[in-house]
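Okay, so here's the structure we're looking at.
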Amino acid sequence: MSLHSKIAGAVSGLAILCSAAAAQADVLFWSTQARPVEEAQAMREQVLSGFGDSVDYQPNEDGPWLTRLQAELQAGSGAIGVLGALDGNFSALNPDDLVDLSDLGLKSTSASFNKLAMLGTDTMQYLPWMQASYIMAANKEALQYLPEGADINALTYDQLIAWAANVHEATGQPKFGFPAGPKGLKHRFFQGYLYPSYTNGVVRTFASPEAVTAWEKFRELWAHTNPASTNFSFMQEQLLSGDAWIVFDHTSRLAQAFNDRPDDFVAFPAPAGPTGRGFMPVLAGIAIPRTAPDMDAAKALVAYMMQPETQIATLRSTSFFPVVAVDLPEDLPPAVKAAGAAVAAMSSAADANPGLLPSGLGDKGGDFNRVFVDTFERIILAGQPIESVLQDQKKTLAAIMEDTGAPCWAPDAPSEGACPVE
C-alpha cells in the first residue's frame with residue numbers, strides 16, 4: 001500500500017470515528033487545557049453542565065490535540081465542534097482553518113488580548129477564554145513608603161525602584177524579594193515583564209540600547225533586593241516570614257500568603273516602562289474549526305463559555321482567571337480574589353503590553369530560558385558590563401532561534417521564518 005493510500009485510509013477511518021462521536025454528543029470540545037483528571041471532571045460537572053445541549057469535553061496533550069485537528073481539516077469534515085487551547089497553539093494554525101467569531105459580538109476586557117485573538121487578521125479568529133499570570137504583592141506595612149503620587153495599581157518601574165529604596169532606608173534592610181532561586185521563575189520576569197516594558201520585544205530587541213536601559217534599571221532595583229533572593233523560589237514564603245515586603249511571582253506561588261493572612265498583604269499589577277506595562281499572560285482561547293459539524297451549536301457553546309457566570313465557574317474549576325468583567329463571589333479563597341483583581345487590572349490597563357510565553361522552540365525551550373538566566377547572573381550577580389554581556393549572549397540566542405526556526409511572538413513584530421535577533 002502506498003503512503004498516500006495509508007494516509008487516505010487513516011483520514012477515512014478518522015472520519016468514521018468522528019461521525020460516530022458526533023452521534024453521541026452534540027458538541028465535542030477538544031481542548032489542551034484543564035487536562036488533570038480533577039480539572040477535567042470539574043469542567044464537565046461544574047462548568048459545562050449548565051449548557052443546554054450535551055458537551056463531550058476531551059482534554060489532550062498538545063501533540064494529539066493538533067494531530068486530530070489537522071486530520072479533520074485535511075479530510076474536510078470531522079466531529080470537533082469547539083477548540084480550547086493557548087494562544088501559541090492557535091498561532092501555529094492557518095487563520096483560514098478557524099471560523100470568524102466576530103459576529104458573536106463577544107470580546108475580553110483586554111484590548112491587547114482581543115488583538116492577539118485576531119492572529120494577524122482583522123477578525124476574531126478565537127475568543128480570549130481564560131488567563132493566568134504573574135503579579136506583584138506587598139506587605140501592607142510597605143504601603144506607607146510608596147513614593148508621593150504613586151498609584152499602586154499603575155506603578156512605573158521608576159516608582160517601584162523608589163518605593164523599594166524608601167523601604168530599604170526606613171527599615172535598614174533591603175526588602176524587595178525576587179524569585180532568583182534555582183526553582184524560581186526569574187526568566188519569565190525578564191521575558192514577559194522587563195523586556196516588553198522597555199524594548200517592546202524580547203528576541204528582536206534582546207541586545208538593543210533599550211535593553212541596556214532595562215538591565216540598568218533592574219540593577220538599580222537589585223540594590224534594594226534582599227541578597228538571599230538567590231535562594232528564593234516561592235515568594236509566598238518570604239512574604240510570610242517578613243524577609244521580603246515587596247515581591248514578584250506567579251499567582252499560584254503567592255497563594256499561601258494571601259490564604260493564611262489575607263489582611264496583611266495586597267496584590268497589584270506589574271509596573272510599566274517606556275513601552276508599556278509588560279506582563280506575561282498564560283492566555284487560553286476558544287475557537288471553532290471550519291469543519292465543525294454543527295456550527296450553531298458550536299457558536300452557542302462559545303457564547304456560553306464567555307458568560308460571567310461560566311467564567312467564574314471556570315475559575316473555580318481551573319484557577320484560570322476570567323477575561324470578561326465579573327464580580328468575584330465572596331466565597332472564593334482570599335488568594336483568588338486578591339490575584340484576580342490584580343490580573344484583571346493588569347490585562348485591561350490602557351498601556352498593557354503582553355509578552356507571550358515562548359512558542360515554537362520545541363526541546364530548546366530550556367536553552368532559551370537559560371540565555372536570560374545567564375544574562376541575569378552575569379550582569380546582576382557578577383557585575384559584568386551590560387553591553388558586552390548582551391552582545392555575547394545574543395550569539396547564543398540567535399543560534400537557538402535559527403536552529404528551531406521559531407517565528408516571533410508578541411510583543412516582537414511578526415517574522416517570516418526564524419525570529420531574528422537584531
Side-chain angles (χ1 to χ4, degrees), residues 47 107-114 128-144 146 150-157 159-160 163 177 179 185 188-189 192-193 197 234-236 238-240 244-272 276-284 306-355:
V47 178
K107 293 183 178 181
S108 79
T109 55
S110 169
S112 55
F113 285 1
N114 295 329
W129 170 27
M130 57 185 186
Q131 62 174 323
S133 196
Y134 306 72
I135 57 172
M136 303 287 296
N139 188 313
K140 291 182 179 178
E141 285 288 319
L143 298 181
Q144 60 189 306
L146 275 166
D151 177 356
I152 196 172
N153 288 312
L155 290 175
T156 65
Y157 274 92
Q159 289 173 329
L160 175 62
W163 186 17
L185 298 171
R188 296 304 190 209
F189 173 81
Y193 293 77
S197 295
F234 288 70
M235 297 312 303
Q236 59 195 9
Q238 281 65 51
L239 281 176
L240 288 168
W245 279 11
I246 309 168
V247 305
F248 161 88
D249 213 337
H250 191 279
T251 54
S252 65
R253 295 181 174 212
L254 297 169
Q256 184 183 350
F258 285 95
N259 286 336
D260 286 1
R261 288 160 45 194
D263 295 332
D264 292 349
F265 307 109
V266 60
F268 54 98
R277 193 169 303 278
F279 73 105
M280 179 174 275
V282 181
L283 176 62
M306 297 295 288
Q307 293 176 4
E309 297 81 3
T310 313
Q311 292 262 302
I312 291 172
T314 303
L315 168 60
R316 293 184 187 277
S317 300
T318 66
S319 296
F320 267 69
F321 293 97
V323 297
V324 303
V326 300
D327 292 322
L328 294 177
E330 287 300 317
D331 63 345
L332 289 173
V336 172
K337 288 193 287 187
V343 168
M346 191 162 58
S347 61
S348 62
D351 57 356
N353 191 14

**OP:** Carefully, step by step, assess Ser110 and Ser112 under the rule side-chain hydrogen bond (donor to acceptor under 3.5 Å, both in side chains).
**Re:** CA-CA 5 Å; Ser110 169; Ser112 55; 2.9 Å; yes
**OP:** Using modelled atom types only, decide if a donor and an acceptor are shared between the side chain of Thr314 and the backbone of Thr310 within a distance under 3.5 Å.
**Re:** yes
Original post:
Within the distance-only criterion (no hydrogens, no angle test), does the side chain of Asn259 pair as donor or acceptor with the backbone N or O of Ala335 below 3.5 angstrom?
Top reply: yes
Original post:
Is a side-chain donor or acceptor of Gln311 paired with a backbone partner of Trp129 at a separation under 3.5 angstrom?
Top reply: yes
Original post:
Parallel, tilted or perpendicular for Phe189 and Phe248, by the 30°/60° rule?
Top reply: perpendicular
Original post:
If only atom types and distance count, is the side chain of Gln131 paired as donor or acceptor with the main-chain N or O of Pro322 below 3.5 Å?
Top reply: yes
**OP:** Keeping the roles fixed (side chain from Gln256, backbone from Gln236), state whether a donor-acceptor pair exists under 3.5 Å.
**Re:** no
Subject >> Within-4.5 Å side-chain heavy-atom neighbours: Pro128 and Leu283 >> reply: yes
Subject >> Test item: Lys140 side-chain N/O and Asp263 main-chain N/O as donor-acceptor pair under 3.5 Å >> reply: yes
Original post:
Do Arg277 side-chain atoms and Ala350 backbone N/O form a donor-acceptor pair below 3.5 Å?
Top reply: no
Subject >> Beyond-backbone contact of Phe265 with Leu240, side-chain heavy atoms, under 4.5 angstrom >> reply: yes
**OP:** May I ask you to test the Met136-Pro271 pair for a side-chain heavy-atom distance under 4.5 Å?
**Re:** yes
**OP:** Would you check if Thr318 and Val47 make a side-chain contact, meaning some heavy-atom pair closer than 4.5 Å?
**Re:** no
Original post:
What is the ring orientation for Tyr134 with Tyr193, classed by angle as parallel under 30°, tilted 30 to 60°, or perpendicular over 60°?
Top reply: perpendicular
Original post:
Could you walk me through whether Asp351 and Asn353 pass the side chain to side chain contact (heavy atoms under 4.5 Å, CB included) check?
Top reply: CA-CA 6 Å; Asp351 57 356; Asn353 191 14; over 6 Å; no
**OP:** Return yes if some donor-acceptor pair links the side-chain N/O of Asn114 with the main-chain N/O of Lys107 below 3.5 Å, else return no.
**Re:** no
